[in-house]
Amino acid sequence: MSATRSRETTLLRFLFTLALGLFIAASGSHAQQSAPETAAGGEVNIYSYRQPFLIAPLLEAFEKKTGVKANVIFAKKGLIERIAAEGLNSPADLLLTTGVGELTAAARKGVTQAVVSETISQNIPARYRDPEGHWFALTRRGRVVYASKARVAQDAITYEELADPKWRGKICIRSGHHVYNVALIAAMTSHLGEAQTEQWLQGLKNNLARKPGGNDRAQIKGVYSGECDLAVGNTYYMAQMMLNEKNPEQKEWAASVKMLFPNTGGRGTHVNISGMSLAKNAPHKAAALALMEYLSSDEAQRIYAETNHEYPVKDGVPWSAMVTSWGSFKADEIALQDVAAKRKGASDLVDKVAFDDGPSS
Ligand SMILES: [Fe+2]
């Protein structure tokens, strides 16, 4: 290793440790529980688009089982670019994402490597993993419509209907460029074609109550406050609101809405995934593989189901009682690769109709 490379490595590791320290300082009790008293088992570095509190219970269970300490760097964006920029010196072992788009983007950017694991192949059905082994789904979530209990009588809806003028000024949704909406619009493009999807997106924009902004929960709050009658959001947010002791006002937001699974009488509700990829230059490859296998296991899938109220990808793992209470639904069976392939076109449509400018433009 050259002196320059060595200095770069030292600097990168210092920055990583610093960022990790800041994260640990900010994350309170989890940090204490994952203190390195089990360092004998090694460590694994996770770059995560998933929020730390969602993965903390899984990592704690993994650490307890294996003695491998899991370090997490969380960011809302830029992690894939960061791994690419870090190159050979990247400390990243595992990438955790909130959508299929990020997984395929990471593979395309060349920051992932193929994984061949009998255990993972047995645990995760083929339709939820990359045939080349560069990414694997861990959980599924529906993108549903939250409707006002007080003001919306109907108990069924389609995505297409969101563009119906009868909803003029009544719909709240986050930015069209957010990965959750890009995936939904990409799936619409697969089903309807680009021209019809553009019309649909324009119709939906015309029906917005306000400029897109905020997260999924902010849209549901909009229904609660009377600003809109319908909000688009992922399924697990219902549980996060209903069980929110830190912000109990969110329980009221949740109580004001009913969850409608769009198109469940037809092609099915759009479902996206969270997932994982092994980083191309993972310095702790064996530990990362062990974690990947663990995350696909019954135990981890059950934690995802019970703690995060997502739908497991492993067959036979039961849904949480709360998720079960939302009822069964038909999931859109479109291949995840198709959705990922249409993302660029979907994103272009968002710009073309100036979706994020809101209803008045
Ligand atoms: Fe989310």
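Both ligands and their constituent atoms are indexed starting at 1 by order of listing. Residue indices begin at 1 and follow the sequence shown. Values in this document were obtained by computation on a predicted structure and should not be read as measured data.
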Return yes when at least one N/O/S atom of [X] is nearer than 2.8 Å to the Fe ion (ligand 1), and no when none is.
| X | result |
| --- | --- |
| Tyr180 | yes |
| Tyr237 | yes |
| Tyr236 | yes |

Worksheet item: Can we say Arg302 and Asp298 salt-bridge, meaning some charged N sits less than 4.0 Å from an Asp/Glu carboxylate O?
Response: no
Worksheet item: Hey, are Gln202 and Asn206 close enough side-chain-wise for a donor-acceptor pair under 3.5 Å?
Response: yes
Worksheet entry | Distance under 6.0 Å and angle within 45° of ring axis: Arg143 vs Tyr180 |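 Because its charged atom misses either the 6.0 Å distance or the 45° angle limit, Arg143 does not stack over Tyr180.
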Worksheet item: Would you call the rings of Trp253 and Tyr224 parallel, tilted or perpendicular if under 30° counts as parallel and over 60° as perpendicular?
Response: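 Aromatic pair Trp253/Tyr224 classed tilted.
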